[in-house]
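Note that the structure is a prediction, hence the values are computed from the model and not measured. Here, residue 1 is the first one in the sequence, and each next residue gets the next number.
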Amino acid sequence: MRSRPGEAQPFYVTTPIYYPNDVPHIGHAYTSVAADALARWRRLWGDDVMFLTGTDEHGLKMQRTAEAEGITPQELVDRTSPTFRELATSLDITNSDFIRTTEPRHHAAVQQFLQKIYDNGYIELGTYEGLYCVSCEAYYTEDELMDGNCPIHARPVERVTEDNYFFQLSRFEDRLLEHYDARPEAVQPETRRNEVLGFIKQGLRDFSVSRTSITWGVPLPWDPKHVAYVWADALFNYCSAIGYATDRERFDRYWPVDYHLIGKDILRFHAVYWPAMLFAADEAPPKCVFAHGWLQIGGDKMSKTQGNVIRPADLIEEFGVDGYRYHFLADQRFGPDGEFSYENMLARYNADLANNFGNLANRVLNMAVSYCEGVAPEARAEGPLVEASRVAFDGVQAAMEHLDFARAFGAVWDLIRAANSFIEDQEPWKLHKAGDTAATAAVLGDCLEALRIVALLASPVIPRAAAELWTRLGLEGGPEDQRLPDAAAWGLGPSGTKLDKGAPLFPRIES
Ligand code: ME8
């Protein structure tokens, strides 16, 4: 059951659940920060947001990593999963839940789900012989390999022969094509949709959903000698966390998911296997799978397997949480591949946050504190910043519909630039010197109100600075307590509030 009239609209967004076979890097943080900005944005609209992230703890990769360390897989994941939880906390990620696939609630859901697909006649026993990449936890055909290696990890694959249960993916070709035809928005961006359609049209092959060669996984309820294949287990996390096995009413409230945010490396699993398995279990497919590109370093995908990872903690220490979030959201297009460059991050931090944004806030607050006795003058009902604020709000809204965080932030930036040039034009310091109190107050009142709108619209990306600015403007609560669209209307404050100039919001970094 979705919402009733007048009730908050449910909105469900997920990140992939990450393999905790090593500590997290900026690639993992990338998807989580994006999902967080989206979750915060939807909360501003009053939605009842369910935001899920977590760790994917079964499979051969985890078992082998544990063996290499001489510990059990359970010991390994109990040690490493918390580092992913800590990563989320360190980036102010507001996830509602954190699921681990080793939890009983997940086991129960996987078993119930697979049993349903089995009972519906879409799983049968067979023998598999194929080429397996342990890093991907996926099979490849000869022609998918690059120079005989896995096309993603550039590492050798293994020949594997096993008795497996197979999911009859081949029976879902038409259903998937019909689904994507009826819902073009269900895979984004467009290039990824075309990739998915191309893959389905080539013809789908059944895939194995169980293993007998390992024991580290969820046993199949009808044949416990087999454990669920790690992907058949992992994908269900999205359902287990919202009560698939325990609370059908809650499940029906949030399912189908609004957005699965993923990297393009796991597109097929999410946009082909997953909806087909959901169809087979009589459940609805995701409303949208959005696959972003890779963060690269020197043209290579950054990954644990490639050994070229950058730790988020180092960058957070230098740039702060907001500086970090700003770079990965506003400085990189969400969709295409992006190259990480420290120099670029530093340059944009100083130019955009320290200079443009920080200066506007500091100048306006400083002048208002000294020229207006620390009390915010009222914004005028009309003036150049009224239209600029409206355009900024419309721009953010339109861009967020397409998860275009960079364009959304660009729209906020236009408002900041408009306010900065308004100050240059009006020269309130001269007005003040000339004793024109009314004109000084008018200009600063407009700028303070523009700053309130900037704080509101920027809050999903730079929540700390936005909240700090809100407080300095003397406003009650924080940006996250506001409700759109009303809160974006011009003239709601901070008239008559006590201002606080404070220290620079984004001190320049010289390194
Ligand atoms: O694939 N650039 O886990 P994983 C951008 N457990 N994003 C990146 C990235 C990079 N260089 N590296 C990682 C798995 N990511 C499975 C998922 S879901 C049911 C199971 C991000 O630890 C991106 O979101 O390999 C990618 O899809 C995910 O981390 C893969 O994380």
Salt bridge (Lys or Arg N to Asp or Glu O under 4.0 Å) for Asp404 and Arg407? Distances and angles first, verdict last. CA-CA 5 Å; Asp404 192 340; Arg407 193 154 60 87; 3.2 Å; yes
Give the intermediate values and the outcome of ring pair (Phe, Tyr, Trp, His ring centres under 6.0 Å) for residues His58 and His106. CA-CA 12 Å; His58 292 130; His106 178 68; 7.1 Å; no
* Asked: Heavy atoms, side chains only, cut-off 4.5 Å: are Phe290 and Pro189 in contact?
  -> yes
Arg193 side chain vs Val187 backbone, donor-acceptor pair below 3.5 Å:
no
**Asked** Does the gap between the ring centers of Phe98 and Phe84 come in under 6.0 Å?
**Response** no
(request) Test salt bridge (Lys or Arg N to Asp or Glu O under 4.0 Å) on Asp56 and Lys61 and set out the steps. (result) CA-CA 11 Å; Asp56 184 359; Lys61 189 195 320 232; over 6 Å; no
Taken in chain and number order and not counting sequence neighbours, the residues that satisfy ring-ring contact (aromatic ring centres under 6.0 Å, His included) with Tyr342 are Phe319
Has the side chain of Arg325 got a donor or acceptor atom that lies under 3.5 Å from a matching backbone atom of Pro460?
yes
- Query: Leu52 and Thr15: side chain to side chain contact (heavy atoms under 4.5 Å, CB included), yes or no, with the steps?
  - Reply: CA-CA 6 Å; Leu52 182 68; Thr15 73; over 6 Å; no
Checklist line | Minimum side-chain heavy-atom gap Phe328-Leu315 below 4.5 Å | finding: yes
**Prompt:** Hey, do the aromatic rings of Tyr244 and Phe113 have their centres closer than 6.0 Å?
**Reply:** yes
Please determine if Arg311 and Glu318 form a salt bridge, counting it only when a charged side-chain N lies under 4.0 Å from a carboxylate O. no
message = Looking at Arg464, is its backbone amide N or carbonyl O close enough to the side chain of Asp322 to form a donor-acceptor pair, meaning the two atoms are under 3.5 Å apart?
response = yes
Review point. Does His153 reach the main-chain N or O of Arg155 with its side chain, forming a donor-acceptor pair under 3.5 Å?
Key: no
Practice item. Would you please say whether a donor-acceptor pair under 3.5 Å links the side chains of Tyr238 and His270? Key: yes
Begin with the C-alpha distance, continue with both residues' side-chain angles, and end with the deciding distance and a verdict on salt bridge (Lys or Arg N to Asp or Glu O under 4.0 Å) for Asp247 and Arg253. CA-CA 10 Å; Asp247 185 347; Arg253 177 165 177 77; over 6 Å; no
Applied to residues 198-223, the salt bridge (Lys or Arg N to Asp or Glu O under 4.0 Å) test, sequence neighbours excluded, yields Glu162-Arg211, Asp223-Lys225
Donor-acceptor pair between Asp163 and Thr127 side chains, under 3.5 angstrom:
yes
Asn120 versus Asp282, side-chain donor and acceptor atoms under 3.5 Å
yes
Of Gln397, Gln9, Arg483, the one forming a side chain to side chain contact (heavy atoms under 4.5 Å, CB included) with Trp45 is Gln397
For Arg183, does the CZ atom have more than 12 heavy-atom neighbours from other residues, nucleotides or ligands under 6.0 Å away? no
Tell me if a side-chain donor or acceptor on Asn21 pairs with a main-chain N or O of Thr65 at a distance below 3.5 Å. no
So, Tyr229 and Asn164: side-chain donor and acceptor under 3.5 Å apart, yes or no?
no
Is there a side-chain contact between Thr141 and Leu131 in this structure, where contact means two heavy atoms from C-beta onward sitting under 4.5 Å apart?
no
Requested in this report: Would you please classify the geometry between the Phe207 ring and the Tyr273 ring as parallel, tilted or perpendicular, with 30° and 60° separating the classes?
Outcome: parallel
Review point. Yes or no on ring pair (Phe, Tyr, Trp, His ring centres under 6.0 Å) for His327 and Tyr349, after CA distance, side-chain angles and deciding distance?
Key: CA-CA 7 Å; His327 174 70; Tyr349 171 95; over 10 Å; no
- Query: Taking side chain as C-beta onward, heavy atoms only, is Tyr19 less than 4.5 Å from Thr55?
  - Reply: no
>> Quick one: does any side-chain atom of Ser459 pair with a main-chain N or O of Leu456 as donor and acceptor, under 3.5 Å?
In response: yes
Main chain of Phe340, side chain of Gln296: is a donor-acceptor contact present, judged purely on distance under 3.5 Å?
no
### Any donor-acceptor N/O pair, Asp481 side chain to Gly478 backbone, under 3.5 Å
yes
task = Taking the side chain as every heavy atom from C-beta outward, state whether Ile26 and Tyr324 have any pair of such atoms under 4.5 Å apart.
result = yes
- Hey, is Arg42 close enough to Glu480 for a salt bridge, meaning N to O under 4.0 Å? no
Check whether the side chains of Thr31 and His292 place a donor and an acceptor atom closer than 3.5 Å, and report yes or no.
yes
* Do Glu57 and Thr101 have side-chain atoms, one donor and one acceptor, less than 3.5 Å apart? -> no
Margin query: Quiz question: by atom type and distance under 3.5 Å, do the side chains of Tyr18 and Ser32 form a donor-acceptor pair?
Written below: yes
Worksheet item: Does any N or O in the side chain of Glu75 come within less than 3.5 Å of the main-chain N or O of Thr72, such that one atom is a donor and the other an acceptor?
Response: yes
* Take Phe11 and Phe51, measure what ring pair (Phe, Tyr, Trp, His ring centres under 6.0 Å) needs, and give me the verdict at the end. => CA-CA 8 Å; Phe11 181 85; Phe51 169 17; 9.8 Å; no
*asked:* Taking the side chain as everything from C-beta on, heavy atoms only, tell me whether Cys239 gets closer than 4.5 Å to Phe251.
replied: yes
- [ ] Please answer whether the main-chain N or O of Met62 pairs with a side-chain N or O of Trp216 as donor and acceptor at a distance below 3.5 Å.
- [x] no
Fit a plane to each ring of Trp222 and Tyr118, take the angle between them on a 0 to 90° scale, and name the class: parallel (under 30°), tilted (30 to 60°) or perpendicular (over 60°).
parallel
Surrounding CZ of Arg333 (heavy atoms of other residues, nucleotides or ligands, distance under 6.0 Å), is the total greater than 12? no
Would you indicate whether the side-chain heavy atoms of Tyr139 and Val157 approach each other to under 4.5 Å? no
- Aromatic plane relationship, Trp274 with His260 - under 30° parallel, 30 to 60° tilted, over 60° perpendicular: tilted
Are there more than 12 heavy atoms of other residues, nucleotides or ligands under 6.0 Å from atom CD of Glu317?
no
ask   = Can Glu195 and Arg192 be counted as an ion pair, charged N to O under 4.0 angstrom?
value = yes
> Does the side chain of Thr94 pick up a donor-acceptor pair with the side chain of Arg43 at under 3.5 Å?
Replying inline: yes
The reported gap from CG in Asp78 to CZ in Arg100 (rounded to nearest 0.5 angstrom) is 4.5 Å
Review point. Is a salt bridge present between Asp97 and Arg105, judged by a nitrogen-to-oxygen distance below 4.0 Å?
Key: yes
**Request:** Assert yes or no for the condition that the ring centre distance of His402 to Phe334 is strictly below 6.0 Å.
**Result:** no
message = Checking side-chain polar atoms at under 3.5 Å, does Tyr132 have a donor or acceptor matched by the opposite partner on Glu137?
response = yes
Subject >> Donor-acceptor pair between Thr89 and Glu86 side chains, under 3.5 angstrom >> reply: no
Practice item. Take the angle between the ring planes of Trp41 and Phe393 and call it parallel below 30°, perpendicular above 60°, tilted in between. Key: tilted
| message | Measuring only between side-chain heavy atoms, which start at C-beta, is Pro275 closer than 4.5 Å to Tyr180? | response | yes
